[in-house]
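Structure first, then comments.
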Amino acid sequence: ASEMQRAMPVIARVGAGLRTPSVMQRARNMSTIDTASLQKSAQQAFTDVANKIPWLVNPARWAAAQKEFGAFGSTLMNLPNTPMGTVASGAKTCFEVFGVFCIGEVIGRRQLVGYPVKPAGHH
């Protein structure tokens with residue numbers, strides 16, 4: 001199984017935990033949130049995910065990502081002087097990401113246009 005497949009049960013458990021009645025009640029009444037327990041829960045969730053996805057906490061990968069993000073930021077700050085090929089490549093990547101998002105929406109809805117509409121009178 002891939003690293004992402006191994007992580008999915010943990011991610012689903014974290015998502016389900018965020019929808020429990022106690023969490024929903026806390027969200028409605030923000031003054032009742034116990035910061036220490038929230039921090040402990042978040043740390044446990046991160047530890048669970050990190051155990052399932054080891055590359056997530058790999059320092060070398062984080063250093064490489066920071067370096068790449070720094071280069072990306074400097075390119076954005078210097079956009080008027082950026083070569084057209086670099087700008088075109090970035091635009092192509094943005095369109096690809098948007099296309100994958102749209103495909104995911106179609107798959108999630110299980111139809112090409114709009115969301116399923118229930119018949120009138122059905123609640």
Side-chain angles (χ1 to χ4, degrees):
S2 74
E3 292 176 355
M4 194 57 167
Q5 288 171 329
R6 288 193 308 260
M8 289 309 291
V10 175
I11 294 169
R13 193 171 56 220
V14 169
L18 293 176
R19 291 187 299 273
T20 61
S22 62
V23 172
M24 297 301 285
Q25 179 59 36
R26 287 181 187 162
R28 287 187 198 101
N29 185 3
M30 295 300 283
S31 63
T32 63
I33 291 180
D34 176 20
T35 308
S37 94
L38 185 63
Q39 187 175 17
K40 182 179 175 186
S41 297
Q43 183 62 41
Q44 183 60 47
F46 180 77
T47 302
D48 287 349
V49 171
N51 288 336
K52 296 287 185 179
I53 313 173
W55 56 263
L56 185 66
V57 292
N58 183 335
R61 286 201 118 156
W62 278 105
Q66 286 175 332
K67 183 178 176 184
E68 284 183 28
F69 190 74
F72 173 71
S74 66
T75 299
L76 282 181
M77 296 305 289
N78 196 21
L79 197 56
N81 300 325
T82 303
M84 186 53 92
T86 304
V87 173
S89 176
K92 177 183 166 276
T93 301
C94 289
F95 283 120
E96 287 174 351
V97 169
F98 178 70
V100 170
F101 169 79
C102 290
I103 291 169
E105 281 286 303
V106 169
I107 291 169
R109 289 190 306 247
R110 296 189 176 157
Q111 60 187 35
L112 190 58
V113 180
Y115 286 91
V117 178
K118 295 184 172 121
H122 183 271
H123 296 287

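In this text, all values refer to a predicted model and were calculated from it rather than measured experimentally.
- What you find for Thr75 and Thr82 is that their closest heavy atoms are O-OG1, 3.4 Å.
- Distance alone, capped at 3.5 Å, places no donor-acceptor pair between the Ser89 side chain and the Gly85 backbone.
- With rounding to the nearest 0.5 angstrom, the CG atom of Leu79 is 6.5 Å from the CG atom of Leu76.
- Counting only heavy atoms from C-beta outward, the side chains of Phe98 and Cys94 never approach each other to under 4.5 Å.
- With rounding to the nearest 0.5 angstrom, the CD atom of Gln43 is 7.5 Å from the CD atom of Gln39.
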